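Structure first, commentary second.
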Amino acid sequence: MLIRIVRMTFHEEKVENFLAIFNDSKHKIRRFEGCQHLELLQDKNFPNIFSTYSYWESENHLNTYRDSELFKNVWTSTKVLFVEKPIAFSSERVELIN
């Protein structure tokens, strides 16, 4: 399993635009083959900073999504709203402590 985190900082006046894009696409992303989990997080102190937190079956599944028309449409609409370059990284779980 691959964990993907993308941190995005938006112009404050563009947050509602981003939320509309996310709400329009979140179920499509979550149903995309290989996506096992999707969350949207908002920074506690900076309400214009959001992160997506998703689980993918494999890097190939993530890359297939990133090559899809769905991703291209969502990303094209989203990236024009950024005030800073987004930060994205992939991780693998080492240990889960309950």
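None of these values were measured; they are calculated from a predicted model.
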Expected output: side-chain S68 to main-chain F71 donor-acceptor under 3.5 Å: yes
TODO: State whether the side chain of D43 and the backbone N or O of I49 hold a donor-acceptor pair below 3.5 Å, judged by distance alone.
DONE: no
Tightest non-hydrogen contact, residues Q36 and R30, listed as O-NH2, 2.8 Å
Original post:
Should I3 and S54 count as side-chain neighbours, where that means a heavy-atom distance under 4.5 Å?
Top reply: no
Looking only at heavy atoms, the pair that brings V74 and S25 closest together is CG2-CB, 3.6 Å
Do the side-chain N and O atoms of R7 and S51 include a donor-acceptor pair separated by under 3.5 angstrom?
no
Rounding to 0.5 Å, atoms CD (E12) and CG (N48) come to a distance of 5.0 Å
Heavy-atom distance under 4.5 Å between the side chains of F22 and L38, does that happen here? yes
The reported gap from CZ in F10 to CG in N17 (rounded to nearest 0.5 angstrom) is 9.5 Å
**Q.** Heavy-atom check, side chain of L40 versus side chain of L19, under 4.5 Å
**A.** yes
Mark yes or no for whether H61, through its side chain, and E33, through its backbone, hold a donor-acceptor pair below 3.5 Å.
no
Paired with F82, the side chain to side chain contact (heavy atoms under 4.5 Å, CB included) test is passed by just one of M8, K14, H11, namely M8
Note: M1 and R93 closest approach over all heavy atoms is CE-NH1, 3.8 Å
Between the main-chain N or O of F50 and the side-chain N or O of Q42, is there a donor-acceptor pair closer than 3.5 Å? no
Aromatic contact, F18 with W75 (centres under 6.0 Å):
no
To the nearest 0.5 Å, atom CZ of R4 lies from atom OH of Y53 at 13.5 Å
| query | Is F89 close to V6 at the side-chain level, that is, under 4.5 Å between some pair of heavy atoms? | reply | no
Student check: side-chain heavy atoms of Y55 and L2 closer than 4.5 Å: no
Taking everything shown except E39 itself, do over 12 heavy atoms lie less than 6.0 Å from its CD?
-> yes
Heavy-atom count check: over 12 atoms from other residues, nucleotides or ligands less than 6.0 Å from K72 NZ? yes
Taking the side chain as every heavy atom from C-beta outward, state whether L81 and I21 have any atom pair closer than 4.5 Å. yes
Exercise. Does the side chain of T52 come within less than 4.5 Å of I5's, by heavy atoms?
Worked result: no
W56 and C35: side-chain contact (heavy atoms from CB on, under 4.5 Å), yes or no, with the steps? CA-CA 5 Å; W56 294 86; C35 183; 3.6 Å; yes
